[in-house]
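Following: one structure in structure tokens, then a few remarks.
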Amino acid sequence: GLLTSSGQNTCIPRFYSVWCITSEEMDNDEGVMLPVIDLKDISNQSNKLVEACKEWGSFRVVNHDIPLTLLSEMKSVVRYLLDLPVEIKKRNIDEIAGSGYVALSKQNPLYEALGLYDLGSSQAVQEFCNQLGVSSNQRETIMQYSSALHKLMMDLWNKLAESMGVRLEKLEEWKCQFRINKYHFREETVGSTGVQIHTDSGFLTILQEDESVGGLEVLPRSSLASGSYVPVHPVAGTLLVNLGDMATVWSNGMLYNVKHRVVCKEAAIRVSIAMFLLGTKEAVEARPEFVDGDHPRLYLPVTYEEYRKLRLSSGYRAGEALDLMHLTTASRAI
């Protein structure tokens with residue numbers, strides 16, 4: 001249940017989309033709180049949003065106006081899909097490398113996933129549904145959810161850009177990837193890593209966590225030297241946002257591409273839903289607003305697809321591929 005300011009439980013009907021969440025509920029084991037952005041008051045939170053993205057590269061959004069019933073129904077659909085036989089899940093083929101079904105592997109033996117490349121395309125979402133043979137009710141839930149989350153993602157990125165003095169154009173051309181994740185945690189895997197330390201490769205990620213099973217940990221910018229990861233406890237009804245490598249290139253290093261991992265805390269199946277903002281097919285480079293005499297351009301221009309291939313070929317998953325694109329590194333290589 002939820003807590004009031006006095007610490008009492010308060011029951012909120014599941015059809016409400018506005019949740020009142022106290023800071024006590026956000027605290028993790030170390031007493032450090034992930035930044036919280038209230039979308040009902042977003043016009044007054046520009047500075048807080050930018051600071052959260054610079055220091056943490058991660059924040060939690062509350063009062064996002066996506067009905068809790070839709071979040072709950074989508075999670076039920078996702079659990080059903082991930083429980084399908086492997087031969088059916090294999091029909092979820094790649095559009096780009098790694099965008100479809102990801103089976104359990106030696107590298108990530110506890111992790112599998114399903115996905116689609118272009119969340120903003122109703123045709124692509126329909127094809128995803130066709131591949132997995134979903135029911136009409138499940139299809140309707142997936143379509144509603146993908147539309148609502150796609151809009152929220154575009155609104156969030158636009159607001160962040162505006163808060164940094166940048167006016168964006170042609171956002172409708174930006175691609176979004178969709179991924180549903182399943183972690184097969186068992187007694188003998190408690191304490192191990194469910195998915196390796198990594199950064200997200202795109203601009204921005206929205207994550208609907210497993211409300212019951214935690215395990216996500218993030219590394220704030222201030223902890224890069226110590227390597228001290230911070231546990232992020234799930235909070236029902238909220239969404240988590242992470243920034244990725246492309247946001248770091250676009251902002252000339254101002255925005256922090258947060259390193260994160262999933263650790264097995266208990267013997268339980270953990271399911272999460274993630275949306276990734278990838279950008280356009282055009283090359284990404286530091287915006288002129290972030291480049292001057294004191295802040296020279298840090299990275300070579302790169303398209304998302306080029307960068308994705310660089311991450312795959314180099315094996316670098318935790319932002320190290322950006323070092324290969326750093327202008328000082330590139331000039332030395334030349």
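From a predicted model like this one, the values you see are computed outputs, not experimental measurements. Worth knowing before you read on, the calculation uses all heavy atoms, side chains too, and leaves out hydrogens, waters and symmetry mates.
Here Tyr256 and Trp56 keep their ring centres 6.0 angstrom or further from each other.
Judged as a side chain to side chain donor-acceptor pair (under 3.5 Å), and not counting sequence neighbours, the contacts of Arg139 are Gln126, Asn130. By the ring-ring contact (aromatic ring centres under 6.0 Å, His included) test, Tyr101 is found to be paired with no residue, residues two or more places apart in sequence or in another chain being considered. Partners of Thr141 by side chain to side chain donor-acceptor pair (under 3.5 Å), not counting sequence neighbours: none found. Scanning for side chain to side chain donor-acceptor pair (under 3.5 Å) contacts around Asp94 gives an empty result, with sequence neighbours left out. His184 is linked by a ring-ring contact (aromatic ring centres under 6.0 Å, His included) to nothing, counting only residues two or more places apart in sequence or in another chain. With sequence neighbours excluded, the residues forming a side chain to side chain donor-acceptor pair (under 3.5 Å) with Glu140 are Gln144, listed by chain and number. Listed by chain and number, the residues in a side-chain contact (heavy atoms from CB on, under 4.5 Å) with Ser105 are Gln107, Asn108 (sequence neighbours excluded). Considering only residues two or more places apart in sequence or on other chains, Ser135 meets the side-chain contact (heavy atoms from CB on, under 4.5 Å) condition with Asn137, Gln138.
The ring pair (Phe, Tyr, Trp, His ring centres under 6.0 Å) analysis of residues 117-149, with sequence neighbours excluded, yields the pairs Phe128-Phe178. Listed by first and then second residue, the salt bridge (Lys or Arg N to Asp or Glu O under 4.0 Å) pairs involving residues 300-310 amount to none (not counting sequence neighbours). Sorted by first then second residue, the ring pair (Phe, Tyr, Trp, His ring centres under 6.0 Å) pairs that include residues 286-312, not counting sequence neighbours, are Trp250-Phe290, Tyr299-His326. Among residues at least two apart or in separate chains, side chain to side chain donor-acceptor pair (under 3.5 Å) pairs with a member in residues 266-278 are Asn181-Ser272.
Partner of Met164 under the side chain to side chain contact (heavy atoms under 4.5 Å, CB included) criterion, out of Arg287, Met254, Glu289: Met254 alone. For the side chain to side chain donor-acceptor pair (under 3.5 Å) test with Asp118, the passing option among His150, Gln123, Lys175 is Lys175; the others fail.
Between Lys281 and Glu173 there is no salt bridge, since none of the side-chain N atoms of the basic residue sits less than 4.0 Å from a carboxylate O of the acidic one. Ion pairing between Asp155 and Lys151 holds under the 4.0 Å rule for side-chain N and carboxylate O. Arg167 has no carboxylate O lying under 4.0 Å from a charged side-chain N of Glu162, or vice versa, which leaves the two without a salt bridge. At a threshold of 4.0 Å, the pair Lys265-Glu217 counts as salt-bridged, since one of the basic side-chain nitrogens sits closer than that to a carboxylate oxygen. A salt bridge links Arg79 with Asp210: at least one charged nitrogen is closer than 4.0 Å to a carboxylate oxygen.
Counting only heavy atoms from C-beta outward, the side chains of Leu219 and Val230 never approach each other to under 4.5 Å. Side-chain contact between Glu211 and Lys75: present, with at least one pair of heavy atoms (C-beta onward) separated by less than 4.5 Å. Within the 4.5 Å cutoff, no side-chain heavy atoms of Leu110 are placed close to those of Leu104. For the pair Thr205/Val241, no side-chain contact is recorded, criterion being any heavy-atom separation below 4.5 Å from C-beta on.
A donor atom on one side chain and an acceptor atom on the other are found under 3.5 Å apart for Thr238 and Arg60. Side-chain atoms of Gln177 and Ser99 include no donor-acceptor pair closer than 3.5 Å.
Within the model, atoms CG of Leu49 and CD1 of Ile42 stand 5.5 Å from one another, a figure rounded to the nearest 0.5 Å.
Atom CD of Glu187 has 12 or fewer neighbouring heavy atoms from other residues, nucleotides or ligands inside a 6.0 Å radius. More than 12 non-hydrogen atoms from other residues, nucleotides or ligands lie less than 6.0 angstrom from CG of Asp292.
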Please lay out, stage by stage, how Glu320 and Arg311 fare under the test salt bridge (charged side-chain N to carboxylate O under 4.0 Å, His left out). CA-CA 8 Å; Glu320 308 95 334; Arg311 277 182 47 133; over 6 Å; no

